[in-house]
2 protein chains.
Amino acid sequence: MKPTKMKRLRAAGWKTGSTAEFLGLSEAEAALVELKLALVAAVRATRQKRGLSQTDLAQRLRSSQSRVAKIEAGDASVSLDLIVRALLAAGASRKDVEKAFVAIE
Amino acid sequence: MKPTKMKRLRAAGWKTGSTAEFLGLSEAEAALVELKLALVAAVRATRQKRGLSQTDLAQRLRSSQSRVAKIEAGDASVSLDLIVRALLAAGASRKDVEKAFVAIE
DNA sequence: TGAGTATATGTCGGATGTGACATACGTGGC
DNA sequence: GCCACGTATGTCACATCCGACATATACTCA
């Protein structure tokens with residue numbers, strides 16, 4: 001988390017225990033990151049299972065090879081939207097998605 | 001989908017049956033929309049279950065009441081990232097998030 | 001060796017999402 | 001009536017994400 005953001009956070013009047021809420025926020029952020037990483041792994045696994053190159057998937061996604069590489073690398077510039085779209089474009093089955101979640105817990 | 005996008009889509013040389021791939025893309029987009037709506041419903045349900053107002057949730061999210069309203073209204077300007085962050089900020093368990101995601105199919 | 005293929009990484013202009021604010025609508029006390 | 005509260009909607013400047021491109025690395029096969 002950026003320092004500037006933390007500052008704003010503290011500035012905005014807390015109602016309940018600030019530390020607890022702050023920690024809760026961090027936890028939520030960590031959960032989101034973990035979720036993204038799990039889905040990203042599913043993207044790569046699904047793509048390879050279907051014998052698709054990053055270029056192939058990019059074409060289905062209407063994106064570029066470089067962006068697919070960034071998706072699979074867990075690049076911070078990639079949104080959850082794009083990850084899920086990539087997963088769907090790769091033709092992920094429900095089982096693939098479930099598997100991604102099992103990895104989390 | 002925007003007309004300009006469709007045009008580009010057709011322009012870019014298709015390798016396999018264009019209609020099939022095009023339909024596949026639409027399906028993926030529809031699935032994403034459905035997923036968002038499912039998560040959005042979960043946000044509202046979780047928030048209300050915890051007795052939080054939109055303003056309360058906005059504070060936890062470090063966003064604004066208006067954006068929380070847009071999230072719950074399924075506004076097109078809201079990303080999947082924000083929806084999931086809202087869900088986590090509302091205090092949804094990881095299982096709740098998983099449940100919504102598995103609904104993709 | 002060199003060509004072909006797959007993947008990774010950096011950059012950039014333009015597209016899209018964001019928080020914040022104003023404001024409107026409804027409801028429930030008082 | 002008025003006020004407080006919760007929610008909805010529109011706008012806008014600014015931040016973030018995007019596709020596209022260039023380029024680098026690595027591996028394979030002839």
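Letters A, B, ... mirror the listed sequences (proteins, then strands); counts begin at 1.
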Look up atom CG in B:Leu61 and atom CD in B:Gln54, then write down how far apart they are to the nearest 0.5 Å.
->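 Those atoms lie 11.5 Å apart.
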Which of the following nucleotides, [options], is nearest to the side chain of [X]?
{"X": "B:Ser66", "options": "D:dG10, C:dT7, D:dA20", "value": "D:dG10"}
{"X": "A:Leu82", "options": "D:dT7, C:dT18, D:dG19", "value": "D:dG19"}
{"X": "B:Glu72", "options": "D:dA8, D:dC18, C:dT7", "value": "D:dA8"}
{"X": "A:Ser79", "options": "D:dC17, C:dA8, D:dT7", "value": "D:dC17"}
{"X": "A:Arg67", "options": "C:dT9, D:dC18, D:dT7", "value": "D:dC18"}
{"X": "A:Gln65", "options": "D:dA8, C:dG17, C:dA8", "value": "C:dA8"}
{"X": "B:Lys70", "options": "D:dA20, C:dA20, C:dT9", "value": "C:dA20"}

Contact under 4.0 Å: [X] side-chain N or O vs [N] OP1/OP2:
{"X": "A:Arg47", "N": "C:dA6", "answer": "no"}
{"X": "B:Arg44", "N": "D:dA8", "answer": "yes"}
{"X": "A:Gln54", "N": "C:dA8", "answer": "yes"}

Mind calculating the distance between [atom1] ([X]) and [atom2] ([N]) to the nearest angstrom?
{"X": "A:Asp81", "N": "D:dG19", "atom1": "CG", "atom2": "C1'", "value": "15 Å"}
{"X": "B:Lys36", "N": "C:dT16", "atom1": "NZ", "atom2": "P", "value": "12 Å"}
{"X": "B:Arg85", "N": "D:dT16", "atom1": "CZ", "atom2": "C1'", "value": "11 Å"}
{"X": "B:Ile71", "N": "D:dT9", "atom1": "CD1", "atom2": "C1'", "value": "15 Å"}
{"X": "A:Leu80", "N": "C:dT18", "atom1": "CG", "atom2": "C1'", "value": "16 Å"}
{"X": "B:Leu57", "N": "D:dG6", "atom1": "CG", "atom2": "C1'", "value": "13 Å"}
{"X": "B:Asp75", "N": "D:dA8", "atom1": "CG", "atom2": "P", "value": "12 Å"}

Does the pair B:Asp56/B:Arg47 count as a salt bridge with the N-to-O cut at 4.0 Å?
->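 Salt bridge absent between B:Asp56 and B:Arg47.
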Taking any heavy-atom pair under 4.0 Å as a contact, classify [X]: base, sugar-phosphate, or nothing.
{"X": "A:Val68", "result": "nothing"}
{"X": "A:Ser77", "result": "sugar-phosphate"}
{"X": "B:Ser53", "result": "sugar-phosphate"}

Determine the sole option in A:Leu35, A:Val78, A:Ile83 for which the side chain to side chain contact (heavy atoms under 4.5 Å, CB included) test with A:Val40 is passed.
->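 The side chain to side chain contact (heavy atoms under 4.5 Å, CB included) with A:Val40 is passed solely by A:Ile83 among A:Leu35, A:Val78, A:Ile83.
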For B:Ser77 and B:Arg67, which heavy atoms make the closest approach, and how far apart are they?
->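 Shortest heavy-atom separation between B:Ser77 and B:Arg67 comes out as OG-NH1, 3.6 Å.
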Closest heavy-atom contact between B:Ile71 and B:Ala86?
->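 Nearest heavy atoms, B:Ile71 then B:Ala86: CD1-CB, 4.0 Å.
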If you find the nucleotide of DNA chain C closest to B:Ser64 and the one closest to B:Ala76, which residue's nucleotide is nearer the 5' end?
->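 First, find each residue's nearest nucleotide; the 5'-ward one identifies B:Ala76.
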Side chains of A:Arg50 and A:Thr46: does their closest heavy-atom pair fall under 4.5 Å?
->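 In short, these two side chains touch, coming nearer than 4.5 Å.
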